[in-house]
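This report concerns only the one structure given below.
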Amino acid sequence: MAGGRPITVLNVAEKPSVAKSVATILSRNQGLRVREGRSRYNKIFEFNYAIRGQSCNMLVTSVTGHLMELEFEERYRKWHSCDPVELFNAPVRKLVPEDKMDIKRTLEQEARRCQWLVLWLDCDREGENIAFEVVEVCTTVNRHLNIKRAHFSALIERDIHEAVQNLVQPNKYFADAVDARQEIDLRIGASFTRFQTMLLKDAFNIDSVGDDRNVVLSYGPCQFPTLGFVVERYWEIQSHEPEEFWTINCSHNSGDGISTFSWTRGNLFDYTCAVVLYEMCVEESTATVVNVRRQETLKYPPHPLNTIELEKRASRYFRMSSEHTMKVAEDLYQAGFISYPRTETDCFSQRTDLHGIVQEQQEHQIWGAYAQRLLDPGSGLWRNPSGGGHDDKAHPPIHPTKFSAGERGWSQDHHPAVGAVTTVEIDIAGELFSTSGRMILARNYLDVYRFESWGGSTIPTYASGQQFVPTTLTLDSGVTRPPPLLSEADLLSCMDKEGIGTDATMHDHIKKLLDRFYATKDANTRFTPTNLGEALVMGYDDMGYKLWKPHLRALMEHEMKAVSEGIKRKDEVLATCLQQMKSCFLDARFNKQKLFEAMEVFFERSNGSGGDENHAVGEVVQRCRLCQDSDMVLKRNRDGNYMVGCLGFPQCRNVVWLPGSIAEAAVTSNRCNSCTPGPVYLIQFKFRQLEIPPNYNPNHLGCIGGCDDILRQLTEICGTGSRISARGRGTSSSSVQRGNTAQSVCVFCQQLDHSSNDCPSQVVGSRSARHRQTGESSFSCSNCGTPCVLRTANTTNNRGRKFYKCQSQECNFFAWEDSVDSVNGGNSAAQSNIRSSASAASNTNPGRNTGRGRGWGQGQGQGQIAATFVSATGEPISDRRCFVCGDPSHFANVCPNRGA
DNA sequence: GCAAGGTC
């Protein structure tokens, strides 16, 4: 070929900027001519060049991403033109859309006079697919074209010259995989979207979506699993039962500093057990150092950067949204500062010239010196970065491709930072406690990677066998908390882990949730599903279909990979996938009632019968007495169990779980005559007969306001439908605290300090059953006769002491529980009903028997101990307080002032 | 009016 006449070569890039870069690099900016094409964005560059000795007249132009779109044939385009199920088989075709026709014409025009076509599309599956679109357009007008593919990963001279001198063939398998993906996405998306939109849009008043004429309840194999992540986390939070736990903390002031030792048992959920162990420690409180360990630890630098990690780190360190990050990265790529920013790869190949990359950085004023040290063989600092195990075989990890003196926050090659951790273990009465401190010995890569911190903390010196008396020894309590709502970084992690979307599209799917009114994002970038989003997921979940789970996409992705590797044929994958999805579609349509039911939980039927105008029928039960800001509504969780929850969730977490034996429940327009503050709407319950005792009527018109003994009894007998939290469970369960404590607020008296099971008002003040069969006595206000509630004092002098308070707002009656006990002969309901485990524990302690007892203080037989112990078996008196109002009697998750 | 994926 060498020495022949010049040939004309048409080079096509994926976007105009790449065409320009390729042309500039190959022409070395000598004799480069530019002319307009038919599309105003896609210029044509011309210059002379020699490929392996063959002189070429090079034309370089571009497309803008995909040139073609897949669409249904005309007669299936209109929404009502066919049954949506037909979309699984309806003929489809690939067409150049109208707005790409100019580009198509330019390609045709230039291809007619060329001998070669060189494809400079991005080196990934989509790029390969676009390459075949370009081939189709060009070969239609010139079937003699010689087709070549250029493989490059960065717009730098070395890569571009190397690519053009080593042209290869395009990979049809890659393109086939994308064809299959496109067809499956189109058929599933269109069929399900039309189905659920036409089914639900007009059937309900979907108030959250504004102008509902344009509402589309879309379904997509990426957007729905993304919504699924949001809803699943929301459900997890909603079903979390706050659970109290106890732990022993020990501190020691040695004179050289204070060490805080934590209990190696961690948190105990059994109060009695914790008290017994605490008591042992207090009685035999000398601590013995049993182990002092000093260990060198290493903190490794992060793996080389891929797109998701770039987005997550930018979100974490710079609070940049994923969308903005990719925009900036694209700019840097186009300016030649970094390699291609859309890559899954997080390990460098052997071919990458890492030394060359670092050499470029030697002049940098911040990390230049570090780069020089890395390159100095005498320093012994060089280490090839360890990979994260991902390689898309198309692009290297994102790395700098040329020097910049400006602020750029990444480095490539790092040594781990070195630290020394000292761990001290002590033994008190057989219980182990430990503490640790860290000293950083060598910062190494942390010197240049300034975003990661590795704090040091010092502790005094201890020797094995040494004994000391703890300065404080406290039994502290806490409450398990639900996980937070998903943040944008969390969501990206979920999507990445499950393979939802591509690096370039993940942020689009997240945005789609907002656009479709499926979810909202708050100021902290945390996502909450809307009623609409939750209802749709719930509907499919109730059908038993995991269409909102990532499995379907994962399966498809797996199949696509097989196609791209030539292991499976496109046609067979398409046939199997679509067959499965079609039967799933038919099943979903058969079970559409589930979708209706789920929507009914949240929305009124649009042709509904109206009902009581004062409240939304079928929903509102009462005003939330906790936040006093939102309504409490009857809802079902995803397991079908009923609860009455505050609409202010997640800011307000007030929830009343109802018996697990309910088959059906509906809020009526009847108001309770006795519960205040009203109105409290009665709920018509239908219980599953086999799950309740025979003497109860399965049909019951009940009230959650506090007056309904039958409801309380069935709750106790049947338990609630609240999901048991997976976290923080699994220790012993002998204590009553581990009973049915799903409510943040007691069902019966709306107090925060006990569960409905322990509610004194049910014994003391129940209207319908003043005297229970057990013979326990009640207590009513001696002024007005209204039933009293039992509360816990929080004043300095009486912290933890219980008192009765009249419920009537006009009456100021008040009496200490312990003084009432003595009047009533010490057999009060309150005494027997509250915290029985604590009572048992406190029996070891002479003194008032008020629930949890009062613990061990100075002067209670502990005189041999010189240190001051904080009494701890009463109400929580550690430094932990509600961070909202500072009250130590509760935590912020149940704070009545929250959101005030 | 529908998907996801390129890109402007």
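Heavy-atom basis, side chains included; hydrogens, waters and symmetry copies ignored. Residue numbering restarts at 1 for every chain, and letters A, B, ... go by the order of the sequence lines.
None of A/Trp548, A/Phe585, A/Phe224 except one satisfies the ring-ring contact (aromatic ring centres under 6.0 Å, His included) rule with A/Phe192; the exception is A/Phe585.
Listed nucleotides B/dC8, B/dA4, B/dC2 differ in distance to A/Pro16; the shortest reach to its side chain belongs to B/dC8. Checking B/dC2, B/dG5, B/dG1 against the side-chain heavy atoms of A/Lys201 singles out B/dG1 as nearest. Listed candidates were B/dT7, B/dG1, B/dG6. Nearest to the side chain of A/Asp122 is B/dT7. Comparing B/dG1, B/dA4, B/dC8 by their closest approach to the side chain of A/Val216 singles out B/dG1. The side chain of A/Asp185 sits closest to B/dA4 out of B/dA4, B/dC2, B/dG5.
Along DNA chain B, the nucleotide nearest to A/Ser191 and the one nearest to A/Ile130 differ in position, and the one closer to the 5' end is contacted by A/Ser191. Summary of the strand contacts: A/Pro221 and A/Thr197 both lie near DNA chain B, and taking for each the nucleotide with the nearest heavy atom, the more 5' one is attributed to A/Thr197.
In this model, the phosphate group of B/dG5 is approached by a side-chain N or O of A/Arg553 to a distance below 4.0 Å at OP1 or OP2. For A/Ser218 and B/dA3, the shortest distance from a side-chain N or O to OP1 or OP2 is below 4.0 Å. An OP1 or OP2 oxygen of B/dG5 is reached within less than 4.0 angstrom by a side-chain nitrogen or oxygen of A/His509. Proximity of A/Thr505 to the phosphate of B/dG5: a side-chain N or O atom is located under 4.0 Å from OP1 or OP2.
One can place CD of A/Glu69 at 14 Å from P of B/dG6, the figure rounded to the nearest angstrom. With rounding to whole Å, A/Ile510 atom CD1 is found 17 Å from B/dA3 atom C1'. Note: NE2 (A/His507) to C1' (B/dG5) measures 11 Å, nearest angstrom. For A/Arg187 and B/dC2, the CZ to P distance is 18 Å, given to the nearest whole Å. Going from atom NZ of A/Lys20 over to atom P of B/dC8 covers 13 Å, rounded to whole Å. A/Ile184 has its CD1 atom 12 Å from the P atom of B/dG5, to the nearest Å. Distance A/Phe192 CZ to B/dC2 P: 18 Å, rounded to the nearest Å. One interatomic measurement links the two molecules: CG of A/Leu67 to P of B/dC8, which rounds to 14 Å at whole-angstrom precision.
Atom NE2 of A/His303 is separated from atom CG of A/Asp346 by 6.5 Å, given to the nearest 0.5 angstrom. Going from atom CG of A/Asp503 over to atom CD1 of A/Ile398 covers 8.0 Å, rounded to the nearest 0.5 Å. How far CG of A/Leu486 is from CZ of A/Phe527: 9.0 Å, rounded to the nearest 0.5 Å.
A/Asp202 and A/Ser606 share no side-chain donor-acceptor pair at under 3.5 Å.
Within 4.0 Å of A/Lys100, counting heavy atoms only, lies at least one base atom of the nucleic acid. Across all strands shown, A/Gly127 has no heavy atoms under 4.0 Å from either base or sugar-phosphate atoms. Within 4.0 Å (heavy atoms only), A/Leu87 reaches no atom of the nucleic acid at all. Within the nucleic acid shown, A/Ile188 has no heavy atom closer than 4.0 Å to any nucleic acid atom. Nucleic acid contact class of A/Gln182 (heavy atoms, under 4.0 Å, all strands): base. A/Pro84 comes within 4.0 angstrom of no nucleic acid atom, judged by non-hydrogen atoms across all strands.
In this pair, A/Tyr219 does not lay its aromatic ring on the base of B/dA3; centres under 5.5 Å and planes under 30 degrees do not both hold.
In this structure, A/Lys172 forms a cation-pi arrangement with A/Phe132, its terminal cationic atom sitting closer than 6.0 Å to the ring centre and no more than 45° off the ring axis. Taking the ring centre of A/Phe204 as origin, the terminal cationic atom of A/Arg605 falls inside the region bounded by 6.0 Å and 45° from the ring axis.
Within the 4.5 Å cutoff, the side chain of A/Thr140 has no heavy atoms near those of the A/Glu108 side chain.
Here the two rings, on A/Tyr545 and A/Tyr540, have centers that are 6.0 Å apart or farther.
Looking at residues 555-579 of chain A, you'll see that no heavy atom sits under 4.0 Å from any atom of DNA chain B.
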